[in-house]
> 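One structure is given below, represented as structure tokens, and several questions about it will come after.
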Amino acid sequence: MRHVELKISTASQGGHAVVSVYGEVDLYTAPRLQTELAALVRDGVSRLVVDLSGVEFCDSTGMNVLLSAMKRMRENGGSLELAAPRSAVRRILQVTGLDTVFSVHDAVPAFGRT
């Protein structure tokens with residue numbers, strides 16, 4: 001089994017945060033993303049944008065992590081949006097219908113925009 005490293009970086013300003021994800025989000029790496037997103041929800045971030053431009057692959061485990069985080073954000077009155085998914089990830093969103101569940105942007109929105 002090959003090991004693919006998942007890199008995550010977070011930039012925040014006020015109540016907004018952008019989480020940039022690089023690598024593959026799958027059964028083995030998704031818990032790391034889940035931990036990062038859960039911490040931001042706990043910290044009271046009101047708008048969370050997940051930058052997927054560096055994600056080469058995302059399986060159902062990764063999608064479930066994103067859905068779960070979005071649900072927790074909504075319960076707290078916030079929002080979770082996806083930005084800049086590569087074509088493979090965008091296809092998964094379209095095939096599963098999740099492109100209608102998530103707000104999906106072609107690029108990472110600037111802080112302060114709605």
Side-chain angles (χ1 to χ4, degrees):
M1 170 185 1
R2 67 187 183 104
H3 176 71
V4 176
E5 187 176 344
L6 183 70
K7 295 179 184 173
I8 302 170
S9 65
T10 303
S12 57
Q13 177 179 323
H16 298 181
V18 175
V19 176
S20 299
V21 185
Y22 306 93
E24 295 185 2
V25 184
D26 59 20
L27 178 65
Y28 303 102
T29 61
R32 186 148 172 255
L33 179 58
Q34 183 174 24
T35 300
E36 184 72 25
L37 296 177
L40 291 165
V41 172
R42 270 194 314 276
D43 290 346
V45 169
S46 61
R47 184 180 184 203
L48 180 54
V49 176
V50 181
D51 176 3
L52 298 173
S53 62
V55 175
E56 300 151 14
F57 173 80
C58 183
D59 71 3
S60 61
T61 307
M63 289 295 164
N64 283 329
V65 165
L66 294 171
L67 279 168
S68 176
M70 183 181 68
K71 181 181 177 205
R72 287 193 308 273
M73 287 294 294
R74 285 185 176 168
E75 288 169 353
N76 293 331
S79 66
L80 182 143
E81 305 160 42
L82 305 180
R86 290 185 180 187
S87 59
V89 175
R90 188 176 290 274
R91 253 191 319 278
I92 292 167
L93 291 167
Q94 291 168 341
V95 167
T96 59
L98 292 175
D99 60 333
T100 62
V101 175
F102 289 105
S103 291
V104 182
H105 306 283
D106 290 333
V108 177
F111 283 115
R113 288 193 199 154
T114 54

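All values reported here derive from a predicted model rather than from experimental measurement.
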> Is the shortest heavy-atom distance from the side chain of S12 to the side chain of V45 under 4.5 Å?
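Of all side-chain heavy-atom pairs linking V45 with S12, none is under 4.5 Å.
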
> Mind checking whether M63 and V89 have side chains closer than 4.5 Å, heavy atoms only?
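Answer yes - side chains close enough.
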
> Within the supplied structure, the quantity of interest is the number of heavy atoms (other residues, nucleotides, ligands) at a distance under 6.0 Å from R86 CZ; does it exceed 12?
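Atom CZ in R86 is crowded, with more than 12 foreign heavy atoms closer than 6.0 Å.
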
> Quick one: CG on L93 to CZ on F102, what's the gap to the nearest 0.5 Å?
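It comes to 7.0 Å.
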
> Check salt bridge (charged side-chain N to carboxylate O under 4.0 Å, His left out) between D106 and all other residues, then give those that pass, not counting sequence neighbours.
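With sequence neighbours excluded, D106 shows a salt bridge (charged side-chain N to carboxylate O under 4.0 Å, His left out) to R90, given in chain and number order.
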
> Rounded to the nearest 0.5 Å, what separation is found between the CG atom of L48 and the CG atom of L82?
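Rounded to the nearest 0.5 Å, the CG-CG separation comes out at 9.5 Å.
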
> With a 4.5 Å limit on heavy-atom distance, are the side chains of D59 and I92 in contact?
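Not in contact.
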
> Show the numbers, then the answer: is there a side chain to side chain donor-acceptor pair (under 3.5 Å) between T10 and E36?
CA-CA 9 Å; T10 303; E36 184 72 25; 2.7 Å; yes

> How close do P31 and L27 get, heavy atom to heavy atom, and via which atoms?
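Between these two residues, the closest heavy atoms are CD-O, 3.6 Å.
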
> Could you please spell out the steps behind the side-chain contact (heavy atoms from CB on, under 4.5 Å) verdict for H16 and S46?
CA-CA 6 Å; H16 298 181; S46 61; 3.9 Å; yes

> Would you kindly say whether T29 and D26 are connected by a side-chain donor-acceptor distance under 3.5 Å?
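Short answer, yes.
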
> Just wondering, do M70 and V101 contact through their side chains at under 4.5 Å, heavy atoms?
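Yes; the side chains approach each other to less than 4.5 Å.
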
> V25 versus V65: any side-chain heavy-atom pair under 4.5 Å?
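Counting from C-beta outward, V25 and V65 never come under 4.5 Å.
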
> Indicate the atoms forming the closest heavy-atom contact of A69 with L80, along with that distance.
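Scanning both residues completely, I find the closest heavy atoms to be CB-CD1, 3.7 Å.
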
> Work out which heavy atom in P85 is nearest to a heavy atom in L52; give both atom names and the distance.
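Shortest heavy-atom contact: CA-CB, 3.9 Å.
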
> How many angstroms lie between CG in L98 and CG in L67, if you round to the nearest 0.5 Å?
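One finds 5.0 Å between CG of L98 and CG of L67.
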
> Do you know which two heavy atoms are closest between A107 and A83, and how far apart they sit?
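Taking every non-hydrogen atom into account, O-CB, 3.7 Å.
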
> Any chance you could measure R72, atom CZ, to N76, atom CG, to the nearest 0.5 Å?
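The CZ atom of R72 sits 9.0 Å away from the CG atom of N76.
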
> How long is the span from the CZ atom in R91 to the OG1 atom in T96, to the nearest 0.5 Å?
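Reported to 0.5 Å precision, the distance equals 12.5 Å.
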
> What's the spacing between S20 OG and I8 CD1 if we round to 0.5 Å?
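Result: 10.0 Å between the selected atoms.
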
> Any link between F57 and Y22 through a network of hydrophobic side chains (Ile, Leu, Val, Met, Phe, Trp, Tyr) touching at under 4.5 Å?
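F57 does not cluster with Y22.
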
> Where is the tightest heavy-atom contact between H105 and E81, given as atom of each residue plus distance?
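Smallest heavy-atom distance, with atoms named: NE2-OE1, 2.6 Å.
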
> V50 versus L37: any side-chain heavy-atom pair under 4.5 Å?
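Contact flag for V50/L37 side chains = yes.
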
> May I ask you to test the S79-R47 pair for a side-chain heavy-atom distance under 4.5 Å?
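Result yes, sub-4.5 Å side-chain heavy-atom pair found.
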
